[in-house]
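A short worksheet on the structure shown next.
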2 protein chains.
Amino acid sequence: MSNDEHIYRQILKAIVEHQLPPGARLPEDRLSEAFGVSRTGIRKVLQRLALEHFVVIEKNKGAQVNRPSEAEASEVLDSRILIEPQLIPALLAHWDAAQSKRFRAMAQEEKQAEAANMLADSIQLTARFHYELATLSGNKVLASFIEQLCYRSSLILAAYGTHGSVGCECGDHAQLLDLLDQKNASKAQNWMSHHLKHIKSSLILESKPEENIDFQRLFGR
Amino acid sequence: MSNDEHIYRQILKAIVEHQLPPGARLPEDRLSEAFGVSRTGIRKVLQRLALEHFVVIEKNKGAQVNRPSEAEASEVLDSRILIEPQLIPALLAHWDAAQSKRFRAMAQEEKQAEAANMLADSIQLTARFHYELATLSGNKVLASFIEQLCYRSSLILAAYGTHGSVGCECGDHAQLLDLLDQKNASKAQNWMSHHLKHIKSSLILESKPEENIDFQRLFGR
DNA sequence: ATAAAATATATCGTATACAATTTCTTGAGA
DNA sequence: TCTCAAGAAATTGTATACGATATATTTTAT
């Protein structure tokens with residue numbers, strides 16, 4: 001993996017896992033020290049993160065973690081509600097015992113992470129469950145869009161989620177897997193739609209305080 | 001508009017309008033001369049174009065206009081087929097006489113451009129018709145994704161389209177506007193779905209020759 | 001003591017420099 | 001004449017420099 005990609009993933013991970021909360025500033029030289037590269041490389045990944053809406057860059061003011069607006073949060077979830085259920089038929093075409101097993105293991109892991117209150121893992125696994133499902137539809141263009149929306153959803157949860165709502169409390173992902181095993185497309189679609197709507201409705205609207213972040217400890221070597 | 005944005009749009013325009021064909025190389029210093037900025041600014045927009053799949057950057061080999069694979073072409077169109085018809089209901093909620101008038105003017109312009117064989121204008125207007133429609137749905141997240149897919153479709157047409165297939169020969173966009181005026185959601189959805197499938201099926205699979213490009217003439221001042 | 005102005009510090013935007021890599025050109029040998 | 005190696009030119013990757021802008025601090029006047 002290229003070095004840029006490595007830095008990109010680390011920062012994205014920190015944002016998605018709520019270690020860098022919405023509004024946190026990301027000064028270039030502080031990051032370049034932490035990662036041991038020049039500002040050039042840092043700017044590159046910050047610009048990418050900005051295009052993907054994980055950070056916001058204001059001219060001459062630098063980057064900070066995006067604080068999604070209420071409208072943005074709503075639109076991201078609506079987009080998923082529109083697309084993800086529609087992927088079920090294509091996905092079912094590739095559904096077999098091996099996939100079922102793979103996803104059940106993921107759901108299991110997810111459940112454990114949630115039970116153990118491992119917030120970061122729980123967030124990652126929840127997002128991964130959804131976008132790996134999207135990937136199985138076979139359409140890489142849509143899958144990568146869904147991947148981005150899943151990560152944005154994690155950021156949205158950081159801004160608007162209750163602590164309990166990180167996992168999908170409206171019932172287990174395993175329920176969906178049962179429906180997929182039965183090859184019941186319409187029920188699976190309904191389940192997915194309901195699931196996402198439930199997540200959306202669980203969002204609340206309040207801002208959160210900030211803190212000082214030790215980049216050296218987060219990323220340094 | 002920022003300078004970067006200006007450069008970005010010019011290059012994107014040139015790609016989308018088939019002035020920079022798939023496979024065309026985009027050397028940084030040639031572009032920086034043409035636009036009168038340093039390579040720094042050029043690299044920034046090339047990286048953005050790469051993230052959006054309009055160019056491909058290979059390590060130590062620079063950027064060239066993306067030559068979409070058959071799979072990519074298919075997936076982009078499939079994505080539009082999945083999403084665009086689904087936007088019709090939300091779109092209809094905002095549909096009124098003013099919008100109808102606006103879109104009819106666009107459709108008219110489009111028709112004229114096609115009749116006059118003004119390829120570049122025709123391509124731009126066709127894409128714009130679709131993504132402005134998407135914008136009217138009210139979901140900016142989806143609309144900007146559709147916008148990107150429309151531009152990618154233009155690039156795909158450059159690679160796989162017949163000359164005649166640039167415009168939407170399966171009938172006028174005005175037909176859709178009639179259905180929207182009637183507030184007939186399901187018929188409008190069907191029309192859109194059929195329209196996009198027709199475009200997809202009109203693609204043919206053959207590569208095209210290259211030429212030498214005079215960046216100074218294209219972009220210079 | 002407070003508010004406004006002035007200075008200092010931090011941070012970003014852009015250009016440039018130089019090393020690393022690729023691509024092109026040239027020439028020697030078969 | 002063709003092939004391939006060696007050198008030259010072109011091109012990219014990354015770091016650094018420096019001016020411009022924003023933010024924080026100090027100073028000064030009321």
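A note on names: the letters A, B, ... follow the listed sequences, proteins ahead of strands, and every chain is numbered from 1.
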Can you measure [X] atom [atom1] to [N] atom [atom2] for me and round it to whole angstrom units?
{"X": "Ile42(A)", "N": "dC12(C)", "atom1": "CD1", "atom2": "P", "result": "11 Å"}
{"X": "Glu28(A)", "N": "dT23(D)", "atom1": "CD", "atom2": "C1'", "result": "16 Å"}
{"X": "Glu58(A)", "N": "dT11(C)", "atom1": "CD", "atom2": "P", "result": "16 Å"}
{"X": "Asp29(B)", "N": "dA17(C)", "atom1": "CG", "atom2": "P", "result": "15 Å"}
{"X": "Arg25(B)", "N": "dT23(C)", "atom1": "CZ", "atom2": "P", "result": "7 Å"}
{"X": "Glu33(B)", "N": "dT11(D)", "atom1": "CD", "atom2": "P", "result": "9 Å"}
{"X": "Gln47(A)", "N": "dT14(C)", "atom1": "CD", "atom2": "C1'", "result": "12 Å"}
{"X": "Lys44(A)", "N": "dG13(D)", "atom1": "NZ", "atom2": "P", "result": "7 Å"}

Per side chain to side chain donor-acceptor pair (under 3.5 Å), Asn66(A) is matched among His53(A), Arg152(A), Glu72(A) by Glu72(A)
Look at the side chain of Arg39(A) and decide which nucleotide, out of dA22(D), dG13(D), dC12(C), has an atom nearest to it.
-> dC12(C)
Closest to the side chain of Val37(A), out of dA15(D), dT22(C), dA15(C), is dA15(D)
Could Glu147(B) and Arg128(B) be called an ion pair, given the rule that one side-chain N must be under 4.0 Å from one carboxylate O?
-> no
Is it the case that Ser122(B) and Glu110(B) place a side-chain donor and acceptor less than 3.5 Å from each other?
-> no
Counting just side-chain N and O atoms, does Ser38(A) come under 4.0 Å of either OP1 or OP2 of dA15(D)?
-> yes
OP1, OP2 of dG13(C) versus side-chain N and O of Arg43(A): anything below 4.0 Å?
-> yes
Salt bridge (charged side-chain N to carboxylate O under 4.0 Å, His left out), paired with Glu28(B), selected from Lys61(B), Lys44(B), Arg39(B) = Arg39(B)
Nearest-nucleotide check on DNA chain D, Ala63(B) vs Asn60(A); residue mapping nearer the 5' end is Ala63(B)
